[in-house]
Protein chains: 2
Amino acid sequence: LSRRGSAGAREAAIPSRLYAPELGAAGSVLELSPEEAHYVARVCRARAGDLAEATDGRGVIARLELVSVGTGVRAEVLSVDQARRERRTWLWCGAPERGRADWLVEKLAELGVERFQPLDCQGEPWAAGEARSRRWNRLAVAALRQSRRAFLMAIGSPLPLEVALETIEPAAALWVGDPAGRPAARGERPASLEVGAIGPSGGFAARDRERLEAAGFVPIALADGRLRTETAALSLASWLALPQRPGVDA
Amino acid sequence: LSRRGSAGAREAAIPSRLYAPELGAAGSVLELSPEEAHYVARVCRARAGDLAEATDGRGVIARLELVSVGTGVRAEVLSVDQARRERRTWLWCGAPERGRADWLVEKLAELGVERFQPLDCQGEPWAAGEARSRRWNRLAVAALRQSRRAFLMAIGSPLPLEVALETIEPAAALWVGDPAGRPAARGERPASLEVGAIGPSGGFAARDRERLEAAGFVPIALADGRLRTETAALSLASWLALPQRPGVDA
């Protein structure tokens, strides 16, 4: 028995979209993760009967109604929908200076990047660390909630450029940030996948530049000054996230 | 007597552009600030005879030759040039969530924003603090160096929107980030000044939206999800920093 619309239910009590990787079918009841339960109970001060949205991070969006709110939170799935991904963007990035990666991960996830792929470039590898990848995943989940997205950003383990190049799909549009490149401009039709590559803080080495050119990456200028790695990555991701303009640069 | 080209002088010893607000004319000798001296002597390990570039942050770019490098650093001005500002961008921004402003200031300065204007919006004022404005200025100087710019970003004290609106120049192009706006697209010709406005973390209140609309701000969508204040501000600044494309969106 759905209590949708029951007296006292508040639509806007929970403004962010919850992350529930194990969403069931309509009618099922799920137990929120401790993080989501904390957000619902402590941050939003929601109560039983309130409505929420949740996603499994793989495109399913569910309408929920809270059944019980305490140390744990249980919710009934009222309905589920499958979202379609409107655009697919991969962002490849060499290592920035220390301490500048966390917010990059957060911002790329907010902007809806499908996959963040760290590149291990010559002489400038990413620092190793399992803790970091857990932390990055938490940041990506927080951004998913905040931006009410349906797809969780995938985060790859660092790869050398030549290995990353093997993962590209045939019809992809390929861009590499380069102060000497041409002004950023997309083609008439959006590609099914767009891949943007940014060098490490010292820039791509000559060998990697050749590899990118051979693979068909188009050098584009993002601004009229030198940008730090993480700034260039965010600028490129912002450009790729701009809504399409049919007939102009869509 | 200029020692330009003297044996052992290294062009690339000092990759960033130094900030020297009191640059003199060609032939004069200046004492670098303690911060610049530290960078030159400790970070770059430069030595007397090495060449450098400096700016006063107001468009003057000077070629320098180091005269002495010790606890202090003195340099001779070899030549000076006046840079022309290619584009002028003001970024107005309501208060983001706590702790998210510092990197925003750094990134806006890297992207070449002329003026960062914090907006005190209804119920969401910026936290007060002289220390913060000194810290922000240091971040802007560091970005000036890093991006080799000729103009230091100006940072305004927080203003209510209605006061900020009085500072707009007549021919300016005005943009406000809005998820319900039209896709971002610039007009045929670049305006002499572009102003981008982003609401605080709770969004602009209805009254401020009306004020922006009455002033001629065009609502533009920056991405297909909700963006945090600082992410939206950076996305808008990145878009405004894209090199112009004549005949398409230049």
Side-chain angles (χ1 to χ4, degrees), chain A residues 15-17 85-87 89 97 99-100 102-104 106-113 142-151 179 181-186 201-202 220-228 230-250, chain B residues 15-17 85-87 89 97 99-100 102-104 106-113 142-151 179 181-186 201-202 220-228 230-250:
Chain A
S16 289
R17 186 172 281 166
R85 198 186 260 288
E86 298 206 358
R87 57 213 314 178
T89 303
E97 292 171 48
R100 293 171 172 276
D102 281 15
W103 79 250
L104 174 59
E106 175 182 291
K107 298 311 172 207
L108 295 180
E110 270 185 68
L111 287 164
V113 165
L144 171 89
R145 269 199 216 106
Q146 163 74 27
S147 297
R148 300 182 60 80
R149 296 199 169 276
F151 294 92
R182 66 172 172 77
R186 276 189 269 183
S201 56
I220 51 172
L222 297 164
D224 63 354
R226 293 195 307 182
L227 299 177
R228 289 187 174 94
E230 73 280 9
T231 315
L234 196 56
S235 172
L236 182 49
S238 294
W239 177 61
L240 293 172
L242 288 177
Q244 304 282 351
R245 278 181 282 158
V248 182
D249 72 355
Chain B
S16 289
R17 186 172 280 167
R85 200 185 259 285
E86 298 205 357
R87 57 212 314 177
T89 303
E97 293 172 47
R100 293 171 171 277
D102 281 14
W103 79 249
L104 174 60
E106 175 183 291
K107 298 311 172 208
L108 295 180
E110 270 184 68
L111 287 165
V113 165
L144 172 88
R145 271 199 214 105
Q146 162 74 26
S147 297
R148 302 181 60 79
R149 296 199 169 276
F151 295 92
R182 65 172 173 76
R186 275 189 270 184
S201 56
I220 51 171
L222 297 164
D224 62 354
R226 292 195 308 183
L227 300 177
R228 288 185 173 95
E230 73 280 9
T231 314
L234 195 56
S235 173
L236 183 49
S238 294
W239 177 61
L240 293 172
L242 288 176
Q244 304 282 352
R245 278 181 282 158
V248 181
D249 72 356

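Because the structure is a prediction, the values reported are computed rather than measured. Order of the sequence lines fixes the chain letters, A, B, ..., with proteins taken first and strands second; residue numbering starts at 1 for each chain. As a basis for the values below, the full set of heavy atoms in this structure was taken, side chains included, without hydrogen atoms, waters or symmetry mates.
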Student: Grab the two heavy atoms, one from A221(B) and one from P243(A), that are nearest each other, plus how far apart they are.
Tutor: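 Here A221(B) and P243(A) meet closest at O-CD, 3.4 Å.
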Student: If you round to the nearest 0.5 Å, how far is CG of L236(A) from OG of S238(B)?
Tutor: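 It comes to 9.5 Å.
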Student: Once you round to the nearest 0.5 Å, how far does CH2 of W103(A) lie from CG of D102(B)?
Tutor: 12.5 Å
Student: Go through the atoms of S16(B) and report whether side chain, backbone, both or neither lie under 4.5 Å from a heavy atom of chain A.
Tutor: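 Contact with chain A involves both backbone and side-chain atoms of S16(B).
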Student: In terms of heavy-atom pairs under 4.5 Å with chain A, which of E86(B), E106(B), R148(B) leads?
Tutor: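 When all of E86(B), E106(B), R148(B) are compared, E106(B) has the most.
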Student: Any donor-acceptor pair under 3.5 Å linking the side chain of E110(B) with the backbone of R228(A)?
Tutor: yes
Student: Between R226(A) and R17(B), is any pair of side-chain heavy atoms under 4.5 Å apart?
Tutor: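 No. Closest side-chain heavy atoms not under 4.5 Å.
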Student: Can you measure from OG1 (T231(A)) to CG (L111(B)) and round to the nearest 0.5 angstrom?
Tutor: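 The CG atom of L111(B) is 6.5 Å from OG1 of T231(A), to the nearest 0.5 Å.
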Student: Assess the pair W239(B) and W239(A): is the distance between their ring centroids shorter than 6.0 Å?
Tutor: no
Student: Using side-chain contact (heavy atoms from CB on, under 4.5 Å), reason through K107(B) and K107(A) one step at a time and then give a plain yes or no.
Tutor: CA-CA 13 Å; K107(B) 298 311 172 208; K107(A) 298 311 172 207; over 6 Å; no
Student: Is R87(A) salt-bridged to D224(B), cutoff N-O under 4.0 Å?
Tutor: no
